[in-house]
Structure formats: C-alpha cells, structure tokens
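Taking it in order: structure first as structure tokens, then the write-up.
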2 protein chains.
Amino acid sequence: MTTIYDVAKRAGVSVATVSKVLNGYPDVSARTREKVQQITAELGYHPNAVARGLVTRRSMTVGVFFQDHGNRGFRHPFLHDVIASFKDSIGEAGYDLLFLTEHRGNDGVFRGFESRAKQRDVDGLFLLGVPRTNSGLATLSRSQIPTVSVDLDLFGPKASYLCSDNVGGARQAVDHLVANGHRKIAFIGDRFGTKPGHDRMLGYQEALQAHALEYRPEWILEGDFGETSGYRAMRRLLAEAELPTAVFCASDMMAIGAMNAISEAGLHVGEQISIVGFDDIELARYVSPGLTTIRQNTDKMGQRAATELLELMNTTNKPPGVITVETSLVIRGTVRSIA
Amino acid sequence: MTTIYDVAKRAGVSVATVSKVLNGYPDVSARTREKVQQITAELGYHPNAVARGLVTRRSMTVGVFFQDHGNRGFRHPFLHDVIASFKDSIGEAGYDLLFLTEHRGNDGVFRGFESRAKQRDVDGLFLLGVPRTNSGLATLSRSQIPTVSVDLDLFGPKASYLCSDNVGGARQAVDHLVANGHRKIAFIGDRFGTKPGHDRMLGYQEALQAHALEYRPEWILEGDFGETSGYRAMRRLLAEAELPTAVFCASDMMAIGAMNAISEAGLHVGEQISIVGFDDIELARYVSPGLTTIRQNTDKMGQRAATELLELMNTTNKPPGVITVETSLVIRGTVRSIA
DNA sequence: CTAAACTCCGAAATCGCTTTCGCGAATTTT
DNA sequence: AAAATTCGCGAAAGCGATTTCGGAGTTTAG
C-alpha cells in the first residue's frame with residue numbers, strides 16, 4: 001500500500017506538504033503543487049479515508065439501519081426506492097452509506113443503534129423500517145447523533161423524521177371515492193399503531209366527517225400491511241350484513257389481498273366494489289384491473305431525507321424537524337363511478 | 001467521546017491491558033479482567049472500529065457496488081434479494097456493508113472501483129449489476145482485492161464470480177416446453193452479451209439440439225431484459241409467417257412484455273402461445289395467468305457469495321473460482337400441454 | 001540598507017487503538 | 001535455598017493521515 005510518506009519522499013517534500021496539496025490548502029507554491037500531483041498520479045496514490053477520518057473526526061459515512069424483518073419482497077420496493085434516492089443525493093455530497101446491523105459482538109454484548117453508530121464512527125444515521133418497539137430507539141433519540149428516520153416518529157435534539165402526508169393522502173383517497181359517488185366506504189388499516197397507519201386512519205376519519213359520511217366500526221378492519229392480512233380483512237368484511245361500495249386500504253399489498261378475496265367471492269373489483277390502495281408500488285400497475293392508489297413520492301422522500309441529514313450533520317444548532325412529503329392520486333381501474 | 005484511555009485511567013490499568021481484555025487475550029488476571037469489563041459497561045464505552053481497523057489493517061467492512069443504472073424497479077428486486085441474503089450471511093461474520101459509488105473527488109479526479117475500495121479500506125468487494133463495459137473492471141480484476149461479482153464474469157487473482165446455472169436453467173425451460181409437446185420454440189434473449197444472456201442462449205441452443213428441434217434464426221429475438229423490449233420482440237415475432245407454439249424469454253420482465261403483446265394481438269397466453277420466463281421475480285405470481293418460469297435461488301446466491309468472499313478474504317492462497325447456483329422450474333399458468 | 005511582511009514549507013503532536021517485548025513478581029522446579 | 005519458569009502487566013512504537021506553529025528565505029516598505 002502506498003502511503004502519503006511514499007508520495008512525500010518521492011516528491012522530495014514533507015508529508016505535511018503533500019497533505020496540503022491534497023486538501024487544497026493555499027500555502028503551497030504552484031511548483032510543488034504540480035510536482036506532488038504528478039507523483040500522486042504516478043503512484044496511483046489514494047489517501048486513506050479511514051486514517052483521515054480518525055484525525056478529522058468526520059468519517060464521511062452515514063449509517064443505515066434498514067430492517068426488513070426477513071420480510072423481503074413487496075413491502076420493500078418502497079423503502080428500497082427511498083434508499084436509492086437518498087443514496088444518490090447524499091452521495092453527491094461525498095458520503096458513503098454503511099449498512100449496519102444491530103448485533104451481539106464477539107464479547108457477547110448486544111450493540112444497538114447508538115453503539116454501532118459510535119463504533120463505526122458514522123457522521124449520521126438513516127433509519128427505515130424500524131419498528132417502534134425497538135428498544136434502542138429511546139437512547140438514540142436522546143443522543144447527539146444526527147438522525148433521520150422515515151415513517152417512524154423519532155424525535156430528539158438531533159433527530160428529525162420524515163414521512164408522506166399520510167393524513168392528506170388518506171383524505172385524497174376518500175375524496176376520490178366520494179367524487180365518484182361512493183358514500184359507504186370501509187377502511188383496512190394496521191393494527192400495530194405505526195405512524196403511517198395511524199395517520200391514514202386519521203385522514204380516513206377526517207374525510208368521513210368532512211363529507212358527513214357515517215362512521216361504521218364494523219367497516220374498520222385491521223391488517224399488517226401485507227397481502228394475506230388484506231385478504232383476511234376483506235373476507236371478514238364480505239361476511240357483514242351490509243357491504244360498503246368501496247374500501248380504502250392503507251397499503252397496496254393489502255389492497256391486492258382484498259382484491260383477491262373479492263374475486264374469490266365471485267364479485268368484481270371495480271364493479272360491485274371499488275378499491276383504493278396506498279403506496280403505488282410497482283405491482284399496482286400490473287394487477288388487473290390496475291390499482292387506483294395514493295402515490296408516495298419516493299424520490300422526493302429520499303432527497304428531502306438527505307438534505308435534512310446534511311443540515312443536521314453540518315450545521316450547528318440546526319433544529320430537528322418533521323418533514324412531510326406530498327402524496328398524489330394515481331387513477332387506474334379499481335374505482336367505479338356510481339354517481 | 002470516551003476512549004480507551006478513559007477506561008484505563010478509571011480502572012487503574014494501562015490501555016494495553018484494556019485492549020487485551022477487550023480482545024480476549026489470555027495474559028490478564030481474572031481480577032483485572034472483571035474490573036475492566038465493569039468500567040467498560042459503566043462508561044458505556046464502545047471501542048472505535050475505525051481506529052482499530054487502522055492498526056489491524058482489517059476494517060471488517062465489505063464494499064458493495066450496486067449499479068442500478070437509474071433503472072429502479074423490477075429488474076432489481078432480484079439483485080436486492082441477493083444483497084439482502086448476502087448481508088445476512090456476511091453480517092454474521094461481523095462484517096458491515098459499505099455502499100460505494102464511483103465518483104469524482106473534490107480534487108476532480110475520477111475514482112473507480114479499485115480507488116474507492118482502497119480509499120475506504122474495505123476488506124473485500126461485492127459487485128452487482130455492473131455492466132461489462134465499465135472501465136474500472138480491468139484494473140480491478142488484476143488487483144489483489146478480494147472480489148465476488150454476480151452475473152458478471154470477472155476473474156482475477158482474487159476475484160471469483162457467481163451466477164445461476166443459466167445454461168442449465170435455459171435447458172430446463174425448453175425441456176419443460178418439449179415435455180408439454182412443443183416443438184416450435186422461439187427465444188427472446190439479450191443483445192448486450194451479458195454473461196447470463198449469453199448462457200441462456202447457449203442452453204436454449206443445446207436443448208434444441210438435444211431434442212432435435214429445428215433452429216430458426218427468425219425465431220431468435222433480442223431485447224434488453226426490460227418489459228418493453230419483450231413487448232417489441234414479441235410483436236416482431238407475431239409478424240412472422242409461421243408462429244412458434246411457445247417462446248422462452250431470458251427474463252421475466254421480457255416475458256411479461258411478451259404476454260402483453262400477445263393479449264393485444266387478440267391471442268391468449270397459455271392457449272395459442274405458451275411462455276416461459278427466467279428469474280421468478282415476485283411479479284411472476286401476480287400477472288395473469290401466473291408466469292411459468294425458471295427460478296433463480298437468490299437466497300442461496302447471497303449465501304454462496306458471502307462464504308466465497310469470506311474465504312477469499314481470510315484464507316491466503318484461496319484460489320478464486322466460479323460459483324454456479326442451481327435453478328428450478330416453477331410451473332404456473334403460461335404453458336399449455338399440446339401433446 | 002534595514003525592518004517589516006509575506007511565502008513556503010516541515011517538525012511534531014495527535015486521532016483511538018493494537019501488539020510486541022521486556023521486566024519484575026510469583027510460582028514452580030531442581 | 002537457588003534457579004528456572006510462568007504470569008500479569010505496561011512502555012512505546014506504530015497504523016496513515018491532518019494541522020498548528022514557527023522558521024527560513026523573499027519581497028516590499030521605510
């Protein structure tokens with residue numbers, strides 16, 4: 001491995017000087033600067049970011065905790081997209097992403113978010129898919145580590161969070177249904193009390209009130225965002241005495257599960273029963289009929305997360321905040337006008 | 001930040017001793033060992049992996065280059081799954097994943113794979129979705145950095161690669177078709193000469209020979225693995241004078257594109273024309289009829305990649321190799337028996 | 001022509017940790 | 001009881017960089 005010493009020796013200067021040209025300091029003559037640059041190129045020298053980080057105390061690395069609960073597949077394309085967009089944005093600022101895992105060290109000690117973050121010396125943290133129940137969250141929120149989390153209301157002296165405008169999105173969904181003449185609208189939400197689940201429920205209720213629609217407890221079902229839970233919820237709903245004309249599902253996967261249940265019951269989605277989902281995952285375009293849904297703007301979410309984290313990391317006294325990203329309605333084929 | 005010095009002082013021992021208990025060296029008495037451990041816990045001390053890496057010359061980090069060509073979405077769930085599985089396996093060995101980007105440093109110099117890897121001091125590299133045309137590949141293959149790449153035949157003193165048994169998989173596809181009475185089988189492959197594309201073509205040809213089927217150049221189409229390219233290819237095929245009874249597509253997305261073209265032409269997939277895809281992406285279950293396809297075992301691919309990289313990193317003289325993972329046939333609804 | 005002010009550059013301390021090597025004390029062997 | 005081992009610990013030399021601060025050499029001012 002070639003080090004800064006090799007370059008210095010070869011160029012006939014001190015390591016300090018080499019370091020200076022590498023970092024663009026002004027107190028170096030044009031002559032030596034060029035000489036050093038030339039040698040650097042010749043030797044194919046790459047300054048070691050680790051050693052540099054050690055002294056500057058900035059690793060130019062942000063840690064990512066991405067919990068997929070072993071549950072790969074469709075729930076995650078959404079989060080994957082957010083990460084991809086985040087990576088692009090933060091990458092331009094020169095940061096690399098370190099995917100961290102909570103784990104038990106070889107000493108047998110369990111290391112959670114904060115511990116791993118300090119261990120790896122990351123400049124900031126990005127959390128996705130982390131369940132509210134995670135025990136490391138409390139200490140993390142109190143820490144001074146710049147953190148942005150998505151879909152999780154983690155808030156602290158250096159912790160901001162970000163999510164779609166779930167309340168507004170849910171209202172958009174119901175509004176769309178109402179605009180198409182529906183007045184009997186059921187809801188399939190989540191039973192875990194996630195922030196998004198909660199907010200979508202709220203939006204649903206607000207919209208109900210706004211349109212003076214009847215709130216029927218038996219039309220409120222619970223799932224876990226997954227396909228089968230949507231399927232089951234719909235089966236329960238179909239067993240009710242009176243059926244709604246439409247159902248709003250808090251996730252596309254649940255919507256798809258619901259669609260299956262409907263078909264199975266011999267009914268037709270978009271005919272007897274209309275459906276609106278939430279997320280706009282890729283799959284939504286492919287099921288048939290295409291799923292009308294509320295789109296979360298993953299690109300923008302990633303970008304906003306990145307700029308927020310950058311500020312948190314590089315601006316002293318930047319107060320944390322909550323970031324909301326607008327949703328949009330995507331009309332496909334699961335809503336029928338019954339005006 | 002609490003350092004090893006703080007612990008040493010508080011415990012009334014030298015830093016050397018603290019380091020020793022932290023790393024499980026034997027030459028420490030039980031008494032001092034306990035004392036140090038207690039202080040460590042009290043202070044909530046986390047040894048800094050960066051500083052440690054600097055001296056041990058092992059960062060316990062593997063660099064990942066994951067090119068998504070801006071092309072998020074369905075081509076990648078496959079690679080995402082491989083990464084997820086890889087992460088699980090390599091994570092157990094104590095490694096974290098650093099997602100690297102090739103980029104232009106603030107000095108304006110472009111840094112490719114090798115440069116970034118050295119800069120970040122990673123112990124190994126994992127490459128996915130990297131096009132063969134990437135200019136950094138040549139120097140990387142010559143380097144001494146342990147590397148595993150998937151679906152890319154990168155081979156060097158420390159570079160292994162891994163892919164599905166694409167030849168065998170393609171044969172499975174054709175065999176299945178033949179077993180169902182098909183003798184006129186078209187192929188939609190790739191025009192970029194990727195390793196998997198090439199091998200699937202090879203398998204197709206071998207199977208044709210094995211079953212003494214006619215090779216018809218006009219039934220060999222080219223795409224880019226994406227949906228629209230499959231659609232276009234199928235349209236061209238449908239314009240031929242004589243139609244095959246089945247077509248084998250080198251990717252599920254192309255198969256889905258082809259299915260759309262078929263429906264649009266007023267024909268029915270699984271009736272007039274049978275289709276077999278390749279990959280078994282999640283979507284394959286959801287299109288209708290469900291896509292019969294060749295499944296790539298992403299879990300296993302990730303695991304094998306991890307164990308291979310671990311060996312490459314930790315065993316001197318481990319010769320690199322090529323790793324092949326078996327595929328399997330997944331029967332759904334797009335192949336009709338015309339026996 | 002001397003003093004002041006710049007320019008350039010390098011010595012050395014430092015970041016947080018590991019690891020060798022030696023030394024004194026305790027223990028075991030003769 | 002003396003010699004030989006063993007045990008437990010610490011001093012110090014790094015790992016590869018950055019950065020302060022002062023000094024030598026030059027230029028400008030007085």
Side-chain angles (χ1 to χ4, degrees), chain A residues 1-37 39-40 43-61 94 105-107 115 117-123, chain B residues 1-37 39-40 43-61 94 105-107 115 117-123:
Chain A
M1 183 181 225
T2 79
T3 74
I4 197 172
Y5 279 89
D6 302 325
V7 177
K9 185 180 300 176
R10 181 86 161 260
V13 298
S14 75
V15 296
T17 303
V18 176
S19 174
K20 283 175 186 169
V21 349
L22 258 28
N23 294 293
Y25 280 64
D27 62 338
V28 162
S29 70
R31 247 180 82 68
T32 27
R33 180 179 304 281
E34 276 168 33
K35 177 76 179 169
V36 169
Q37 280 167 340
I39 303 287
T40 299
L43 262 43
Y45 166 71
H46 321 278
N48 182 310
V50 172
R52 170 182 288 167
L54 186 59
V55 21
T56 59
R57 308 273 54 202
R58 323 201 63 235
S59 61
M60 295 307 279
T61 288
N106 46 8
D107 50 0
S115 176
K118 288 192 175 167
Q119 205 180 34
R120 285 296 192 175
D121 221 18
V122 299
D123 295 337
Chain B
M1 182 181 227
T2 80
T3 75
I4 198 171
Y5 278 90
D6 303 324
V7 177
K9 185 180 299 175
R10 181 87 161 258
V13 297
S14 75
V15 297
T17 303
V18 176
S19 174
K20 283 175 187 168
V21 349
L22 257 29
N23 293 294
Y25 279 66
D27 62 338
V28 165
S29 70
R31 249 178 83 70
T32 28
R33 179 178 306 278
E34 276 167 32
K35 178 76 180 169
V36 168
Q37 280 167 339
I39 304 288
T40 299
L43 262 45
Y45 166 71
H46 321 279
N48 182 310
V50 173
R52 170 183 289 167
L54 187 57
V55 19
T56 59
R57 307 273 53 204
R58 324 203 62 234
S59 62
M60 296 306 279
T61 286
N106 47 7
D107 51 359
S115 175
K118 288 192 175 167
Q119 205 179 36
R120 284 297 192 174
D121 220 19
V122 299
D123 294 336

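Letters A, B, ... are given to chains in the order of the sequence lines, protein chains preceding strands, and every chain is numbered from 1. Quick caveat, the model's predicted, so the values are computed rather than measured.
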**OP:** Could you list all the salt bridge (Lys or Arg N to Asp or Glu O under 4.0 Å) pairs where at least one residue sits in residues 9-26 of chain B, not counting sequence neighbours?
**Re:** B:Arg10-B:Glu42, B:Lys20-B:Asp27
Subject >> Close side-chain approach of B:Arg57 to A:Met1, heavy-atom, < 4.5 Å >> reply: yes
**OP:** Starting at atom NZ of A:Lys9, determine the distance to atom P of C:dC9, rounded to an integer number of angstrom.
**Re:**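 Value for this atom pair: 20 Å.
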Subject >> Which atom of A:Ser19 lies closest to which atom of A:Ile4, heavy atoms considered >> reply: N-CD1, 3.8 Å
Original post:
Just by modelled atom types, is the A:Tyr25 backbone N or O under 3.5 Å from a matching donor or acceptor in the A:Asn23 side chain?
Top reply: no
**OP:** Quick one, give me the B/S/- string for nucleotides 9-22 of chain D, reading 5' to 3', where B means a protein heavy atom under 4.0 Å from the base and S means that only happens at the primed atoms, P, OP1 or OP2.
**Re:** BBB--BBBBSB---
Subject >> Passing candidate, side-chain contact (heavy atoms from CB on, under 4.5 Å) with A:Tyr45, options A:Val36, A:Leu22, A:Ile39 >> reply: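 Among the candidates, only A:Leu22 passes.
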**OP:** Would you please name every residue forming a side-chain hydrogen bond (donor to acceptor under 3.5 Å, both in side chains) with B:Thr3, sequence neighbours left out?
**Re:**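 side-chain hydrogen bond (donor to acceptor under 3.5 Å, both in side chains) check on B:Thr3 returns nothing, list empty.
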Subject >> With sequence neighbours excluded, residues passing side-chain hydrogen bond (donor to acceptor under 3.5 Å, both in side chains) with A:Lys35 >> reply: none
Subject >> Test salt bridge (charged side-chain N to carboxylate O under 4.0 Å, His left out) applied to A:Asp123 - qualifying residues, sequence neighbours left out >> reply: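 Per chain and number, A:Asp123 pairs via salt bridge (charged side-chain N to carboxylate O under 4.0 Å, His left out) with no residue.
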Original post:
Between the two end axes of the helix from C:dC1-D:dG30 to C:dT30-D:dA1, each built from 5 base pairs, what angle do you get to the nearest 10°?
Top reply: 50°
